[in-house]
Amino acid sequence: MKAMILAAGLGTRLRPLTDTRPKALVELNGRTLLEITLTRLQSFGVTEAIINVHHHAQMVVDYLHSKNNFGMRLEISREDDQLLDTGGGLKKAAWFFQENPARPDESFVLHNVDVLSNIDLTAMLQFHVERQALATLAVQSRPSSRQLLFNDQLRLSGRAAEPHSPLATRHSPLPQSQKSSPLIPLAFSGIHLLSPRLFPMLTESTPAFSIIDSYVRLASQDAKILAFRHDHSYWRDLGKPADLAQAALDLQSAIPPDIGL
């Protein structure tokens with residue numbers, strides 16, 4: 001199985017830790033976030049991965065070389081000239097998931113480097129494949145400023161937006177009167193399962209774009225973008241120093257089982 005790890009961001013919320021290193025090489029309990037993510041993916045059968053890099057990019061390349069790529073086939077997608085955001089970064093790496101014509105629809109994982117979870121990826125993959133989804137998003141019921149909206153069939157139907165936000169006209173859902181049941185607001189967890197069928201549909205005109213914007217656009221065209229709810233799983237965003245500190249405490253007290261650390 002293949003995966004892409006999104007690791008190109010500047011890590012501004014993690015400063016000063018990211019002043020001299022990329023966020024992928026920030027450490028939690030003596031292990032880098034990149035190692036934690038790769039090890040986690042390996043435990044679910046991922047043997048090949050591509051990692052996008054930008055900030056202190058060569059440090060990531062050198063680090064992986066020093067670790068013998070953790071015994072995996074690893075490729076680097078460099079975004080030296082411009083950060084491509086999540087959608088543009090994925091689109092640039094499309095070749096990696098399309099190189100085997102004998103397996104044109106093999107699903108793959110897209111995973112943020114700065115999240116920690118014990119989500120059951122095997123169950124998520126089964127959910128994704130059985131429903132023949134274009135994309136399956138790991139989501140939870142938790143407070144978030146960027147909630148996505150799903151119907152009672154767990155299909156993406158829009159995103160929550162402030163009434164005066166520029167996003168309201170582009171991405172807000174259809175009026176509730178046109179829906180058969182109330183929409184469910186859920187927070188995205190930075191882990192996706194995708195079909196390569198997605199790539200020809202990424203028709204955005206700019207090199208850099210958000211994959212969430214693409215999902216909402218495609219959902220409005222009746223594409224099957226599904227929610228995989230993991231409300232009882234451990235999940236933590238590691239985007240700030242305080243988040244890292246709390247995650248370290250959680251691990252020391254064994255709050256999240258099956259993390260593999």
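Computed from heavy atoms alone, side chains included, the values below leave out hydrogens, waters and symmetry copies. We number each residue from 1, following the sequence as shown.
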Query raised in the report: Does K23 reach the main-chain N or O of D114 with its side chain, forming a donor-acceptor pair under 3.5 Å?
Result: no
Requested in this report: Supply the members, apart from L84, of the Ile/Leu/Val/Met/Phe/Trp/Tyr cluster built from side-chain contacts under 4.5 Å; use none for a lone residue.
Outcome: none
**Report entry** Donor-acceptor under 3.5 Å (D213 side chain, S210 main chain)
**Finding:** no
Report task. Could you walk me through whether V26 and L238 pass the side chain to side chain contact (heavy atoms under 4.5 Å, CB included) test, one step at a time? Result -> CA-CA 10 Å; V26 169; L238 302 176; over 6 Å; no
Requested in this report: Using the six-membered ring wherever Trp is involved, compare the ring planes of Y63 and F70 and label them parallel, tilted or perpendicular (cut-offs 30° and 60°).
Outcome: tilted
Query - Heavy-atom side-chain contact between T86 and I212 under 4.5 Å - result: no
Query raised in the report: Hey, is the main chain of A133 close enough, under 3.5 Å, to the side chain of R197 for a donor-acceptor pair?
Result: yes
Query raised in the report: Quick one: do the R142 and S189 side chains pair a donor with an acceptor below 3.5 Å?
Result: yes
Query - Close side-chain approach of F199 and L90, heavy atoms under 4.5 Å - result: yes
Query raised in the report: Mind checking whether I51 and F44 sit in one hydrophobic cluster, side chains of I, L, V, M, F, W, Y counted as touching below 4.5 Å?
Result: yes
Query raised in the report: Any side-chain heavy-atom pair from L28 and R236 closer than 4.5 angstrom?
Result: no
Query raised in the report: Do side-chain atoms of R40 reach the backbone of L116 as a donor and acceptor pair under 3.5 angstrom?
Result: no
Report task. Given side chain to side chain contact (heavy atoms under 4.5 Å, CB included), test F209 with L202 step by step and report yes or no. Result -> CA-CA 10 Å; F209 60 93; L202 298 179; 4.2 Å; yes
Report summary line: Heavy-atom closest pair (I36 atom, R31 atom, distance to 0.1 Å) is CD1-O, 3.9 Å
Query raised in the report: Do D105 and P196 touch side chain to side chain, with heavy atoms closer than 4.5 Å?
Result: yes
Query raised in the report: Under the 3.5 angstrom rule, does the side chain of H55 hit a backbone N or O of P22 as a donor-acceptor pair?
Result: no
Query raised in the report: So how far is it from I119 CD1 to H232 NE2, rounded to the nearest 0.5 Å?
Result: 13.0 Å
Report task. Apply side chain to side chain contact (heavy atoms under 4.5 Å, CB included) to the pair W95 and I50, showing each step before the final yes or no. Result -> CA-CA 10 Å; W95 67 268; I50 188 166; 3.9 Å; yes
**Report entry** Side-chain touch V61/R78, heavy atoms, less than 4.5 angstrom
**Finding:** yes
Requested in this report: Examine distances only and state if a side-chain atom of D237 and a backbone atom of V115 form a donor-acceptor pair shorter than 3.5 Å.
Outcome: no
Query raised in the report: Looking only at atom types and distance, does a side-chain atom of E204 sit under 3.5 Å from a main-chain N or O of G87, one as donor and one as acceptor?
Result: no
Query raised in the report: Which side chain to side chain donor-acceptor pair (under 3.5 Å) pairs, counting each pair once, include a residue from residues 124-135, with sequence neighbours left out?
Result: S107-H128, Q126-E130, H128-T136
Report task. Indicate yes or no for a side-chain donor-acceptor contact from K91 to the backbone of P207 under 3.5 Å, with no hydrogens or angles considered. Result -> no
Query raised in the report: I76 and L10: same hydrophobic cluster, using ILVMFWY side-chain contacts below 4.5 Å?
Result: no
Query raised in the report: Does the Q140 side chain pair with the main chain of S233, one donor and one acceptor, at a distance under 3.5 Å?
Result: yes
Query raised in the report: With a 4.0 Å cut-off, would you call R73 and E99 a salt bridge?
Result: yes
Report summary line: Heavy-atom closest pair (L193 atom, L121 atom, distance to 0.1 Å) is CD1-O, 4.4 Å
**Report entry** Connected via hydrophobic side-chain network under 4.5 Å: V129 and L154
**Finding:** yes
Query raised in the report: Counting N and O atoms only, with roles assigned by atom type, does the side chain of H230 sit under 3.5 Å from a partner on the main chain of M124, one being a donor and the other an acceptor?
Result: no
Query raised in the report: With hydrophobic residues grouped by side-chain heavy-atom distances under 4.5 Å, do L83 and L110 end up in a single group?
Result: no
